[in-house]
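None of the values given here were measured: they were computed from a predicted structure.
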Amino acid sequence: MMKWLASIIVNSVVLMVVAGYVDTFHLEGVGAAITASIILSILNVIVKPILILLTLPVTVLSLGLFLFVINAITLMLTQSIMGDSFVIEGFGTAVLAAVIISILNLLIQKVIVEPLQEKKK
C-alpha cells in the first residue's frame with residue numbers, strides 16, 4: 001500500500017512537470033494530477049497488460065519501443081475519463097509525454113527511491 005501511494009505521488013509530480021514544459025499537455029492543478037495518477041495506475045494494472053498481450057508481435061519487432069505507444073494510449077484513456085481537467089492535444093503529444101514520463105520515473109527510481117530503500121536495510 002505504501003509503495004502504491006509513493007508511486008501515485010511520484011507520478012503526480014511527474015505529470016505536473018510534463019504539464020509545465022509541454023504546451024499541448026494541460027492539467028488543471030494538483031488535484032487533477034493526483035486524480036490522473038490514480039486513474040493511470042488503475043489503467044496500468046487492468047488495461048495495459050491486455051494491450052501488451054494484443055500487440056506483442058509489434059512490440060517484439062520494435063524492440064520494445066511500441067510500449068511508448070501503449071503508454072500513450074493509457075494516457076489518452078486517462079484524459080478521456082477525466083474530461084476538461086486533463087487535456088492532451090493530440091496523440092503525438094501523448095507519445096512525447098509517455099517518453100518523458102518514463103524517463104523521469106526511471107531517474108526518480110534510480111536517484112531517490114532505490115537509495116532510500118537501501119538506507120532502510
Side-chain angles (χ1 to χ4, degrees):
M1 181 69 177
M2 211 55 183
K3 275 188 176 181
W4 182 73
L5 192 59
S7 75
I8 294 296
I9 293 168
V10 167
N11 276 335
S12 299
V13 171
V14 168
L15 286 172
M16 288 188 292
V17 167
V18 172
Y21 286 102
V22 178
D23 291 336
T24 53
F25 188 97
H26 306 282
L27 271 168
E28 209 168 82
V30 176
I34 293 169
T35 304
S37 183
I38 291 169
I39 293 170
L40 198 56
S41 71
I42 292 168
L43 289 175
N44 281 339
V45 169
I46 298 169
V47 176
K48 191 175 177 179
I50 296 167
L51 288 174
I52 290 172
L53 192 62
L54 291 174
T55 61
L56 195 57
V58 177
T59 304
V60 171
L61 286 174
S62 70
L63 303 175
L65 292 176
F66 196 74
L67 290 173
F68 289 123
V69 173
I70 292 172
N71 288 340
I73 291 168
T74 58
L75 275 173
M76 295 298 282
L77 286 170
T78 302
Q79 173 220 299
S80 66
I81 291 169
M82 288 191 60
D84 292 338
S85 60
F86 181 35
V87 177
I88 302 171
E89 297 175 16
F91 192 71
T93 299
V95 173
L96 175 65
V99 171
I100 295 170
I101 290 168
S102 297
I103 292 169
L104 289 176
N105 274 329
L106 177 71
L107 287 172
I108 290 169
Q109 196 70 25
K110 294 291 180 189
V111 174
I112 298 170
V113 175
E114 285 180 8
L116 286 175
Q117 288 176 341
E118 303 253 336
K119 275 188 176 180
K120 284 186 176 180
K121 291 181 181 179

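Put simply, Val30 and Ile9 are part of two different groups of oily side chains (I, L, V, M, F, W, Y) that touch within less than 4.5 Å, one to the next. Leu5 and Ile42 fall into different hydrophobic clusters, where Ile, Leu, Val, Met, Phe, Trp and Tyr are joined by side-chain heavy atoms under 4.5 Å apart, directly or via other members. No continuous path of hydrophobic side-chain contacts links Phe68 to Val14 [ILVMFWY only; heavy atoms under 4.5 Å].
With sequence neighbours left out, the salt bridge (Lys or Arg N to Asp or Glu O under 4.0 Å) criterion links Lys3 to no other residue. The salt bridge (Lys or Arg N to Asp or Glu O under 4.0 Å) test applied to Glu114 returns Lys110, not counting sequence neighbours.
Nearest heavy atoms, Met16 versus Ala33: CG-CB, 3.6 Å. Closest of all the heavy-atom pairs between Thr74 and Leu43 is O-CD1, 3.7 Å.
Distance check: Thr35 OG1 to Leu15 CG gives 11.0 Å after rounding to the nearest 0.5 Å. Here the CD1-CD1 distance, from Ile39 to Ile34, works out to 12.0 Å after rounding to the nearest 0.5 Å. Rounding to the nearest 0.5 Å gives a distance of 12.5 Å between CG of Leu75 and CD1 of Ile70. Note that the OG atom of Ser12 and the CG atom of Leu40 stand 9.5 Å from one another [nearest 0.5 Å].
Applying the side-chain hydrogen bond (donor to acceptor under 3.5 Å, both in side chains) test to every pair with at least one member in residues 75-85, sequence neighbours left out, gives no pairs at all. Pairs engaging residues 46-55 under the salt bridge (Lys or Arg N to Asp or Glu O under 4.0 Å) rule: none recorded [sequence neighbours left out]. Sorted by first and then second residue, the ring-ring contact (aromatic ring centres under 6.0 Å, His included) pairs with a member in residues 30-59 form an empty list; sequence neighbours excluded. Listed by first and then second residue, the ring-ring contact (aromatic ring centres under 6.0 Å, His included) pairs that reach into residues 69-88 are Phe25-Phe86, sequence neighbours excluded.
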Return all side-chain donor-acceptor pairs below 3.5 angstrom for residues 91-107, not counting sequence neighbours, or 'none' if the list is empty.
{"unit_1": "Thr93", "atom_1": "OG1", "unit_2": "Thr24", "atom_2": "OG1", "d": "2.7"}
{"unit_1": "Thr93", "atom_1": "OG1", "unit_2": "Glu89", "atom_2": "O", "d": "3.2"}
{"unit_1": "Ser102", "atom_1": "OG", "unit_2": "Ala98", "atom_2": "O", "d": "2.9"}
{"unit_1": "Asn105", "atom_1": "ND2", "unit_2": "Asn11", "atom_2": "OD1", "d": "3.0"}
{"unit_1": "Asn105", "atom_1": "ND2", "unit_2": "Ile101", "atom_2": "O", "d": "3.4"}

Show the atom names and distances, to 0.1 Å, of all donor-acceptor pairs under 3.5 Å that link a side chain in residues 49-66 to residues at least two apart or in another chain.
{"unit_1": "Thr55", "atom_1": "OG1", "unit_2": "Leu51", "atom_2": "O", "d": "2.7"}
{"unit_1": "Thr59", "atom_1": "OG1", "unit_2": "Thr55", "atom_2": "O", "d": "2.9"}
{"unit_1": "Ser62", "atom_1": "OG", "unit_2": "Val58", "atom_2": "O", "d": "3.1"}
{"unit_1": "Ser62", "atom_1": "OG", "unit_2": "Thr59", "atom_2": "O", "d": "3.1"}
{"unit_1": "Ser62", "atom_1": "OG", "unit_2": "Leu65", "atom_2": "N", "d": "3.4"}
{"unit_1": "Ser62", "atom_1": "OG", "unit_2": "Phe66", "atom_2": "N", "d": "3.0"}

